[in-house]
Protein chains: 2
Amino acid sequence: MVTIKQVSEMAGVSSATVSRVINNTDTVKEKTRVKVMDAMARLGYRHNVLAASLASKKTNTIGYVVPELHGSFFGNMMAGSEKVLRNANKHMFVATGHSDEKLEMREIEALLSRRCDALILHVEAISDDYLIHLAEQDVPLVIVNRYIKEIEENCISLDNELGGYLATRHLIDLGHSQIAYLSGSLFKADGVNRLAGHKRALSEAGLRFDEALMFEGDFQAQSGDAGIKALAKQERQYSAVVCANDEMASGAINALREQNKCVPEDVSVIGFDNVDFASYLTPGLTTIDYPMREIGEMAARWILNRAYGDHKMSLTHVLEPKLVLRGTTKQAAEK
Amino acid sequence: MVTIKQVSEMAGVSSATVSRVINNTDTVKEKTRVKVMDAMARLGYRHNVLAASLASKKTNTIGYVVPELHGSFFGNMMAGSEKVLRNANKHMFVATGHSDEKLEMREIEALLSRRCDALILHVEAISDDYLIHLAEQDVPLVIVNRYIKEIEENCISLDNELGGYLATRHLIDLGHSQIAYLSGSLFKADGVNRLAGHKRALSEAGLRFDEALMFEGDFQAQSGDAGIKALAKQERQYSAVVCANDEMASGAINALREQNKCVPEDVSVIGFDNVDFASYLTPGLTTIDYPMREIGEMAARWILNRAYGDHKMSLTHVLEPKLVLRGTTKQAAEK
DNA sequence: AACTGTAATGAAAGCGCTTACAGTTTCCTT
DNA sequence: AAGGAAACTGTAAGCGCTTTCATTACAGTT
């Protein structure tokens, strides 16, 4: 392996000078710069970032923890971060936590051991306390898709309550009044907040929240199907259903079709997240957009701002979801 | 930052011994091991992997280059790799090449600068020659989803020709004989090979390949739509269409519906890749499975085998695609 | 008690780079 | 031409660890 030393000898300068041309720090006379570049090329020199990081105490690396690598959800977020980090010449070290507390902690520890300059974390099992404690240490970290009051400055999240509100509000605007709600897991903050938004829209419109029209699923397509079937067992009528996410909406639509109900003619359906496949369904799924990419971008900006002192970036900590109109919702039938 | 030195002082041993207990190398008396562990805990010591890597010349890190982070395609592959690498205590450093030659080269260079122990590459713009040259260097690398004869040992790919064959063969088995083909870009190997498989199935069944029933798209949904429309402009009849990938199939299905043709009653459609949304369509899309996850696993195994000398793994270099039967294909109508 | 062979530990030389700090040139001013 | 500032370059001390080699401790033999 060719070292800076060998380059310096060939170029007839000191290794400090070689380092200077590599990093483009300080001033180096053009003539010697050329000599050094020449020597590097001739020797096929490759900078050793490891050694450089050790000496400079900066790795230009961001540690990234996501629950999973498969599926498009986190990929979109990472793509957002990657874009802004690339422009700043930072790289990403990614690890997965699999929604397991022990694993999440171990991965964070590993990232810290690698001396990442900062961390971007989407962790689901780790406690708030642990994160609060972590935030007080010397490594900057931003927590995405999660809101923790005590360290809200470090959090970037979506206003799920608003999303739930917008979904139901859209249905109400279309004239629906009997609106079912297929909820996600209620032990997750997202599930709770989306439902809360639903209720707010209802009460704002003077409609009563009907327990009988609500079903608690688990964010899987299967539970959307189950929800529709559970609803069918009761006598309660409904002309629209808001689902806690797109997977459940997909399951719900299929179940509805099995009952010979057309979407959106007989029943309007709205999802949440706007995952990749939402637009591939027929008709396209009306849903609430979860701007993962933007969140990823924002997280990266926060890092640039905080860990590298780039202060010319605007930051938002709570993003707003937006309605995405497609084909599964429709004006309510006249009474 | 607490160093090994401080730990060694507190424990009353040399730093070499501390290193030994950290890495669990050599033998250390249980009693001193406990003393050291104790000191580490008391001081809140965190191992500096950077320094360790520099000294040991091993980073336990695999560099990963994929075209994109968004979408689920590469995520599935990385998830496969991650699973097997985690078990071996290796980590991944990911970079994106965006199908741009300069970028791909730069990222590979960056990964090498970080002294990754090995590389897993899905690159699309870089030339075979460059990769062949790279493979001869000292860093082990595996190239996924691409086949290069000269370094086939380093390649892990899917038999796309077989996939194309299986798709068309399936339609033929269902009694179809007028089969349209919406191809992907023919400047890409995948596009060419899938088409070749299609032709082989045709000729094997004694059917003629009809240029008029073939359309070259670009793997995007939009081009599936365009393909169906182009087909409509000619008089040629067809009862089935094989698409070069699922996105195109989705586009084709929608276009078919616009022409009031039912899938699969009037026209059977088969896709390729089995992307995540394939099963969410109604009816579910019949397609050819592209086992990205397995490919990712295989790539990681190759690395373990090659870079870390773990020889108890079985390796396959060319994976076989499989037919995934869902609802978009159907027995041909009786003549 | 002297002797071995092995287990346990320490000393110290790096790994390849960065970065004060100091020293040397060069280039303007006056 | 002298003086000083500015530009450039070199010296050398680390960064925090691993690892070879040498040394010491110790249990088991004879």
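Within every chain, numbering begins at 1; the chains are lettered A, B, ... in the order of the sequence lines, protein sequences first and strands thereafter.
Dashed line: the shortest gap from a side-chain N or O of A:Thr27 to OP1 or OP2 of D:dC8 is under 4.0 Å. Within the structure, a side-chain polar atom (N or O) of A:Lys57 is placed less than 4.0 Å from OP1 or OP2 of D:dG16. Between B:Thr3 and D:dG16 there is no side-chain polar atom (N or O) within less than 4.0 angstrom of OP1 or OP2. Look at A:Thr17 and you'll find a side-chain N or O under 4.0 angstrom from OP1 or OP2 of D:dG10. In this structure, A:Ser56 does not reach the C:dT18 phosphate: none of its side-chain N or O atoms is under 4.0 Å from OP1 or OP2. Regarding contacts with the backbone of D:dT19, every side-chain N or O of B:Ser19 stays at 4.0 angstrom or more from both OP1 and OP2.
Straight-line distance from the CD1 atom of A:Ile4 to the C1' atom of D:dT11: 14 Å, rounded to whole Å. Here C:dT26 presents its P atom at 9 Å from NZ of A:Lys31, a figure rounded to the nearest Å. When rounded to the nearest whole Å, the span between CZ of A:Arg33 and P of D:dA7 equals 17 Å. Nucleotide C:dT19 holds its P atom 12 Å from the CG atom of A:Leu54, rounded to whole Å. Separating the CD atom of A:Glu30 from the C1' atom of C:dT26 is a distance of 17 Å, rounded to the nearest angstrom. Atom P of nucleotide C:dC17 and atom CG of A:Asn60 are separated by 16 Å, given to the nearest angstrom. In this structure, the CZ atom of B:Arg46 is 12 Å from the P atom of D:dC17, given to the nearest Å. Atoms CG (A:Asn48) and P (D:dC15) sit 18 Å apart, rounded to a whole Å.
Among the heavy atoms of the strands lying under 4.0 Å from B:Ala52 are primed sugar atoms or P, OP1, OP2 only; no base atom is included. The residue A:Ser53 sits apart from the nucleic acid: no heavy atom pair falls under 4.0 Å. B:Val13 comes within 4.0 angstrom of sugar-phosphate atoms only, judged by non-hydrogen atoms across all strands, and of no base. Residue B:Val18 is out of contact with every strand shown, counting any heavy-atom pair closer than 4.0 Å. Contact annotation for B:Asn23: backbone-only contact, meaning every heavy-atom pair under 4.0 Å involves sugar-phosphate atoms and none involves a base.
The base-pairing partner of D:dT30, taking Watson-Crick or G-U wobble contacts with both distances under 3.5 Å, is C:dA1.
The base of C:dG10 lies close enough to the side chain of B:Arg20 for a donor and an acceptor atom to sit less than 3.5 Å apart.
Nearer the 5' end of DNA chain D, as judged by each residue's closest nucleotide, is the contact made by B:Met1, out of B:Thr25 and B:Met1.
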Exercise for the section: Using the side chain to side chain donor-acceptor pair (under 3.5 Å) rule, take B:His122 and B:Asn145 through it: C-alpha gap first, then chi angles, then the decisive distance, then the call. Expected result: CA-CA 7 Å; B:His122 176 131; B:Asn145 303 313; 2.9 Å; yes
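A 4.5 Å side-chain heavy-atom check between B:His91 and B:Leu85 finds every atom pair outside the cut-off.
A cation-pi geometry, defined here as NZ or CZ lying under 6.0 Å from the six-membered ring centre and within 45° of its normal, does not hold between A:Lys188 and A:Phe219.
Among C:dT9, C:dG10, D:dT18, the nucleotide with an atom closest to any side-chain atom of B:Ala16 is C:dG10.
Looking only at atom types and distance, the side chain of B:Thr61 has a donor-acceptor partner in the side chain of A:Arg114 under 3.5 Å away. At a cut-off of 3.5 Å, with distance as the only test, no side-chain donor of A:His317 or A:Glu152 sits close to an acceptor on the other residue. A side-chain donor from one of B:Thr96 and A:Glu82 sits under 3.5 Å from a side-chain acceptor of the other.
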